[in-house]
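Structure, as structure tokens:
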There are 2 protein chains.
Amino acid sequence: MNIVGVFKALCDENRLRIFNLLSKDTLCVCDIEAILNMTQSNVSRHLNKLKSEGIITYEKKAQWAYYKIDDNFIKENKLLYDYLISTLRNHPKFVEDNENYKKHKESNISCEQFIKKGNQH
Amino acid sequence: MNIVGVFKALCDENRLRIFNLLSKDTLCVCDIEAILNMTQSNVSRHLNKLKSEGIITYEKKAQWAYYKIDDNFIKENKLLYDYLISTLRNHPKFVEDNENYKKHKESNISCEQFIKKGNQH
DNA sequence: TGATTATATTTGATTATACTCATATTATAG
DNA sequence: CTATAATATGAGTATAATCAAATATAATCA
């Protein structure tokens, strides 16, 4: 584990916003895009950075890529992980994102199911 | 407390090296300079960054500036602090610094006392 | 006071990061 | 097979971070 790399990955506001979301849920790129109101390429790039430092992993299902916090990262960095969770939870910077996440979740079960029901993004 | 700023301050290898030293001891700029083999302006700059994010404080004594981890930072970021301590302690990247710190401490009680004994840096 | 030491700050060059727009890739559906 | 949607990647640009060298400031000592 490269501690400098981990901190570099976590020192960007947008990546912390993504981390905050993924600490609540497994999400695909388009979910994150919508909740955080960021461009697709930007989200993809940030996810890649987090992934390359071992902080998150993803699983490809059909055309979607579902990202989540890496269990190994949590295990090997328990104190840091707990710090992030407890700090991000109540941090004013992320309140709006948390609200948008709730709204998104209520309106849009998952990309997969959403589309099966005949919708389009 | 600005979490993005704190991570930005900690995402640089040289600043982590400084943090590692200060987690063991209160040190003045010239100590850090010598132990880490960094230029004076570089050490000063990095200390300033850590200070401006509330991670360290300093006290001026005569011509020396003694830096240490801020007690408030430790209190308010206990999990992060404990993570850093436990991770840096055994991290291969910092082994050499730790050895240099030992040597430096043995040979050179403190800048103040060192000079009182008729020496010069 | 003038010289010296420790530290801080300015400057300018270099490198790294983050972003957008455009394009490539992969998978699915028709 | 073709069109479309989700995601990844490339190119170019703007901004930020790092560094060394030089200079400024503050404290001490002779």
Side-chain angles (χ1 to χ4, degrees), chain A residues 2 4-18 26-53 56-68 108 110-121, chain B residues 4-18 22 26-53 56-68 108 110-121:
Chain A
N2 169 14
V4 179
V6 167
F7 276 93
K8 273 197 201 302
L10 294 171
C11 79
D12 177 81
E13 176 159 345
N14 283 330
R15 282 194 294 273
L16 278 179
R17 292 171 73 203
I18 291 174
T26 296
L27 294 168
C28 67
V29 181
C30 55
D31 287 326
I32 300 171
E33 217 180 308
I35 298 168
L36 301 184
N37 190 29
M38 287 169 61
T39 66
Q40 181 268 318
S41 78
N42 204 10
V43 170
S44 181
R45 235 171 257 291
H46 283 311
L47 286 168
N48 191 272
K49 180 100 180 183
L50 290 165
K51 181 161 68 67
S52 73
E53 293 300 336
I56 63 176
T57 45
Y58 79 111
E59 198 187 346
K60 197 113 202 213
K61 264 197 207 173
Q63 66 265 58
W64 295 280
Y66 287 95
Y67 284 86
K68 53 171 282 195
N108 179 0
S110 85
C111 294
E112 223 166 322
Q113 294 175 315
F114 192 65
I115 286 178
K116 272 193 190 142
K117 286 185 179 164
N119 297 300
Q120 205 96 116
H121 265 167
Chain B
V4 179
V6 167
F7 277 92
K8 273 196 200 305
L10 295 171
C11 80
D12 176 81
E13 175 159 345
N14 284 330
R15 284 194 293 274
L16 278 181
R17 292 172 73 202
I18 291 174
L22 295 181
T26 296
L27 294 169
C28 67
V29 182
C30 54
D31 286 326
I32 300 171
E33 216 179 308
I35 298 168
L36 302 184
N37 191 29
M38 286 170 62
T39 65
Q40 180 268 319
S41 79
N42 206 8
V43 170
S44 183
R45 194 180 297 291
H46 284 310
L47 286 168
N48 191 273
K49 180 100 180 184
L50 289 166
K51 181 161 67 64
S52 74
E53 293 301 336
I56 63 176
T57 46
Y58 79 111
E59 197 188 347
K60 195 112 202 212
K61 265 197 206 172
Q63 66 266 58
W64 294 280
Y66 288 95
Y67 284 87
K68 53 171 280 194
N108 180 359
S110 85
C111 295
E112 223 167 324
Q113 295 175 316
F114 192 65
I115 285 178
K116 269 191 191 141
K117 287 184 178 163
N119 297 300
Q120 204 98 116
H121 264 167

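Atoms considered below: every heavy atom in the structure, side chains included; atoms not considered: hydrogens, waters and symmetry mates. Here is how names work: the chains are called A, B, and so on, in the same order as the sequence lines, proteins then strands, and each is numbered from 1.
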Counting heavy atoms from C-beta on, name the nucleotide in C:dA22, D:dT7, C:dT28 closest to the side chain of A:S41.
-> C:dA22
What is the base-pairing partner of D:dA30, counting Watson-Crick and G-U wobble geometry with both distances under 3.5 Å?
-> C:dT1
Please give, in whole Å, the distance from C:dT7 P to B:I56 CD1?
-> 13 Å
Base-pairing assignment for C:dT15 (Watson-Crick or G-U wobble, both under 3.5 Å) | D:dA16
From CD of B:E33 across to P of D:dA20 the rounded distance in Å is 11 Å
Measure from CE on A:M38 to P on D:dA8 and round the result to the nearest Å.
-> 13 Å
Might you work through the side-chain contact (heavy atoms from CB on, under 4.5 Å) test for B:T26 and B:Y67, ending with a clear yes or no?
-> CA-CA 6 Å; B:T26 296; B:Y67 284 87; over 6 Å; no
Provide, to the nearest angstrom, the distance between the CD atom belonging to B:Q40 and the C1' atom belonging to C:dT4.
-> 15 Å
So, with a heavy-atom separation below 4.0 Å from DNA chain C, the residues of residues 42-53 of chain B are B:S44, B:R45, B:N48
d(CZ, B:F7; C1', C:dT17) in whole Å | 18 Å
Between P of C:dA18 and CZ of A:R17, the distance in whole Å | 14 Å
Can you tell me if B:K51 uses its side chain to pair, donor with acceptor, with the backbone of B:I56 under 3.5 Å?
-> no
Could you check how far OH of A:Y66 sits from P of D:dA6, rounded to whole Å?
-> 11 Å
For atom CG of A:N37 and atom P of C:dC19, their distance in whole Å = 13 Å
Could you go through the side-chain contact (heavy atoms from CB on, under 4.5 Å) check for B:L10 and B:V6 one step at a time?
-> CA-CA 6 Å; B:L10 295 171; B:V6 167; 3.9 Å; yes
Under 6.0 Å from the six-membered ring centre of A:Y66 and within 45° of its axis: does the NZ or CZ of A:K61 meet both?
-> yes
B:Y67, nearest nucleotide to its side chain (from D:dA17, C:dA8, D:dA8) | C:dA8
Between C:dA18, D:dA27, C:dA8, which nucleotide has the shortest distance from any of its atoms to the side chain of B:Q63?
-> D:dA27
Which part of the nucleic acid, if any, lies within contact of B:T39, taking any heavy atom under 4.0 Å across all strands shown: a base, the sugar-phosphate backbone alone, or nothing?
-> sugar-phosphate
Could you work out which one of C:dT17, D:dT7, C:dT7 sits closest to the side chain of B:W64?
-> C:dT7
Could you please name the option among D:dA6, C:dC19, D:dA8 that lies closest to any side-chain atom of A:Y58?
-> D:dA8
Give a yes or no answer on whether the side chain of A:R45 reaches the backbone of A:Q40 with a donor-acceptor pair at less than 3.5 Å.
-> no
Over 12 foreign heavy atoms within 6.0 Å of OH, A:Y58 | no
Hey, does the side chain of A:R17 reach the backbone of A:L36 with a donor-acceptor pair shorter than 3.5 angstrom?
-> yes
